[in-house]
*Asks:* 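Quick one: structure below, then a few questions.
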Amino acid sequence: MRVCGIDPGLTGGITFIEGNEVSAERTPIKTIKGKKFLNLVGIVDRIKIFNPDKVFIEKQQSMPRQGVASTFKTGFNYGLYVGCLIALDVEYLEVSPRKWKKDLNVSADKDLARARAGYLLPQAAHCWELKCEDGVAESALIAYWGLNCGQEP
């Protein structure tokens, strides 16, 4: 089974796993007039190339003490991802951060999430060596969750 895991933020990541092969990278970004946006062409190209059987995407929601602008931006990016998946007719499943983190014993600490991803997927640990690549590690963990913890969140 070929799966994709997505941490949908601008600093997130996208990971594809098939067997022991792991392809993990930062979310493709495009800068327009000094502002960063998801590079939808890059995202669609990757999904088409890897052609996953199923995509697991971290469900986004507003958080306490999160600003209105931040909440809007998070929802906007999440909606773009879901729109791409629907347009490509790719089967996807939303999973809450609480669910996949609990199932994989991952704390909220980003460094510990990178370490856990390296433990579970050592063949790809080089993809999230840098502190700023925690979103890549989380996308890998989401894909790993999809493969190993059941299809129903």
Side-chain angles (χ1 to χ4, degrees), residues 1-29 36 38 40 42-44 46-47 50-86 88-153:
M1 181 172 194
R2 186 178 315 123
V3 300
C4 173
I6 298 174
D7 179 345
L10 283 175
T11 60
I14 186 166
T15 297
F16 298 91
I17 300 176
E18 182 175 21
N20 288 327
E21 297 294 317
V22 179
S23 175
E25 63 184 279
R26 290 182 187 185
T27 298
I29 300 297
K36 293 182 179 182
L38 294 177
L40 297 180
I43 292 166
V44 167
R46 283 159 181 81
I47 292 171
F50 287 97
N51 192 26
D53 297 307
K54 193 160 194 174
V55 173
F56 298 90
I57 185 168
E58 184 178 73
K59 186 168 179 62
Q60 301 296 291
Q61 61 189 33
S62 61
M63 302 296 285
R65 298 180 301 280
Q66 186 178 26
V68 174
S70 177
T71 299
F72 182 81
K73 192 168 195 171
T74 299
F76 179 80
N77 289 332
Y78 181 67
L80 289 173
Y81 262 113
V82 171
C84 284
L85 296 172
I86 291 169
L88 292 169
D89 197 28
V90 175
E91 185 179 350
Y92 72 96
L93 181 70
E94 300 167 310
V95 59
S96 73
R98 174 176 281 168
K99 176 64 177 161
W100 72 260
K101 287 182 179 189
K102 179 182 177 214
D103 289 348
L104 296 181
N105 195 26
V106 176
S107 75
D109 182 283
K110 300 297 185 181
D111 289 332
L112 293 177
R114 288 178 31 246
R116 183 72 172 144
Y119 175 78
L120 295 172
L121 298 162
Q123 69 273 38
H126 65 279
C127 296
W128 48 82
E129 287 178 331
L130 302 175
K131 192 173 189 78
C132 63
E133 294 171 329
D134 59 281
V136 178
E138 290 201 350
S139 71
L141 288 166
I142 293 164
Y144 182 91
W145 178 90
L147 275 175
N148 296 285
C149 294
Q151 304 296 307
E152 297 300 323

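The basis for the numbers below is simple: all heavy atoms, side chains too, and nothing from hydrogens, waters or symmetry mates.
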*Asks:* Using side-chain contact (heavy atoms from CB on, under 4.5 Å) as the criterion, list what pairs up with Cys127, not counting sequence neighbours.
*Replies:*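 Cys127 satisfies side-chain contact (heavy atoms from CB on, under 4.5 Å) with Ala24, Ala124, Val136 once adjacent residues are dropped.
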*Asks:* Would you mind listing every salt bridge (Lys or Arg N to Asp or Glu O under 4.0 Å) that reaches into residues 139-149, with sequence neighbours excluded?
*Replies:*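 Sorted result for residues 139-149: empty, none.
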*Asks:* Would you please name every residue forming a side-chain hydrogen bond (donor to acceptor under 3.5 Å, both in side chains) with Lys110, sequence neighbours left out?
*Replies:*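 Residues passing side-chain hydrogen bond (donor to acceptor under 3.5 Å, both in side chains) with Lys110: Glu138.
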*Asks:* side-chain contact (heavy atoms from CB on, under 4.5 Å) with Leu112: which residues, sequence neighbours excluded?
*Replies:*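 Leu112 satisfies side-chain contact (heavy atoms from CB on, under 4.5 Å) with Ser107, Asp109 only.
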*Asks:* CG of Asn77 to NZ of Lys36: how many Å apart, nearest 0.5 Å?
*Replies:*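 Taking CG in Asn77 and NZ in Lys36, the distance rounds to 12.5 Å.
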*Asks:* How many angstroms lie between CG in Asn51 and CZ in Phe16, if you round to the nearest 0.5 Å?
*Replies:*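 One gets 9.5 Å once the value is rounded to the nearest 0.5 Å.
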*Asks:* Would you list the pairs meeting side chain to side chain donor-acceptor pair (under 3.5 Å) in which at least one residue belongs to residues 4-15, sequence neighbours left out?
*Replies:*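 As it turns out, the side chain to side chain donor-acceptor pair (under 3.5 Å) pairs with a partner in residues 4-15, which skip direct neighbours, are Thr15-Ser139.
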*Asks:* So, the side chain of Glu25 versus the backbone of Ser23: is there a donor-acceptor pair under 3.5 Å, distance only?
*Replies:*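 No, Glu25 side chain to Ser23 backbone: no donor-acceptor pair under 3.5 Å.
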*Asks:* Test of understanding: with side-chain hydrogen bond (donor to acceptor under 3.5 Å, both in side chains), list the residues that count as partners of Asp111, not counting sequence neighbours.
*Replies:*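 With sequence neighbours excluded, Asp111 shows a side-chain hydrogen bond (donor to acceptor under 3.5 Å, both in side chains) to Arg114, Lys131, given in chain and number order.
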*Asks:* Nearest 0.5 Å please: distance from the NZ atom of Lys101 over to the CZ atom of Arg116.
*Replies:*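 Answer for the NZ-CZ pair, Lys101 versus Arg116, is 13.5 Å.
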*Asks:* With sequence neighbours excluded, tell me which residues meet side-chain hydrogen bond (donor to acceptor under 3.5 Å, both in side chains) with Glu18.
*Replies:*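 Arg2.
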*Asks:* Name all residues meeting the ring pair (Phe, Tyr, Trp, His ring centres under 6.0 Å) criterion together with Tyr78; count only those two or more places apart in sequence or in a different chain, and write none if there are none.
*Replies:*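 Tyr78 satisfies ring pair (Phe, Tyr, Trp, His ring centres under 6.0 Å) with no other residue.
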*Asks:* side-chain contact (heavy atoms from CB on, under 4.5 Å) with Asp103: which residues, sequence neighbours excluded?
*Replies:*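 Listed in chain order: Lys99, Trp145, Cys149.
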*Asks:* Hey, could you give me the OH/CD1 distance between Tyr92 and Ile86, rounded to the nearest 0.5 Å?
*Replies:*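 The CD1 atom of Ile86 is 4.0 Å from OH of Tyr92, to the nearest 0.5 Å.
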*Asks:* For Leu104 and Asn148, run side chain to side chain contact (heavy atoms under 4.5 Å, CB included): C-alpha distance rounded to whole Å, both residues' side-chain angles, the deciding distance at 0.1 Å, then the answer.
*Replies:* CA-CA 10 Å; Leu104 296 181; Asn148 296 285; 5.9 Å; no
*Asks:* Could you report the tightest heavy-atom contact between Gly118 and Ala125, atom names first, then the distance?
*Replies:*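 Nearest pair, atom of Gly118 first, then Ala125: CA-CB, 4.0 Å.
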*Asks:* Between Ile142 and Ile6, is the side chain to side chain contact (heavy atoms under 4.5 Å, CB included) condition met? List the steps.
*Replies:* CA-CA 7 Å; Ile142 293 164; Ile6 298 174; over 6 Å; no
*Asks:* Closest approach of Cys84 and Val44, non-hydrogen atoms and distance?
*Replies:*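 Heavy atoms only, the tightest pair is SG-CG2, 3.9 Å.
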*Asks:* How long is the straight-line distance from CD1 of Ile17 back to SG of Cys4, given to the nearest 0.5 Å?
*Replies:*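 One finds 9.5 Å between SG of Cys4 and CD1 of Ile17.
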*Asks:* Under the salt bridge (Lys or Arg N to Asp or Glu O under 4.0 Å) test, which residues partner Glu21, sequence neighbours left out?
*Replies:*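 Residues passing salt bridge (Lys or Arg N to Asp or Glu O under 4.0 Å) with Glu21: none at all.
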*Asks:* Can you tell me how far CD1 of Ile43 sits from CD1 of Ile29, rounded to the nearest 0.5 angstrom?
*Replies:*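 One finds 7.0 Å between CD1 of Ile29 and CD1 of Ile43.
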*Asks:* Holding to salt bridge (Lys or Arg N to Asp or Glu O under 4.0 Å), I want the full list of residues that pass it with Lys102, two or more places apart in sequence or in another chain.
*Replies:*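 Salt bridge (Lys or Arg N to Asp or Glu O under 4.0 Å) list for Lys102, sorted by chain: empty.
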*Asks:* Could you give all pairs that pass the side chain to side chain donor-acceptor pair (under 3.5 Å) test and reach residues 120-129, with sequence neighbours left out?
*Replies:*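 Sorted pair list comes back empty.
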*Asks:* For a 4.5 angstrom cut-off between non-hydrogen side-chain atoms, does Thr27 reach Tyr81?
*Replies:*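 Yes, side chains in contact.
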*Asks:* Using a 4.5 Å cut-off on heavy atoms from C-beta on, say whether the side chain of Leu10 contacts that of Leu38.
*Replies:*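 Leu38 vs Leu10: side chains touch.
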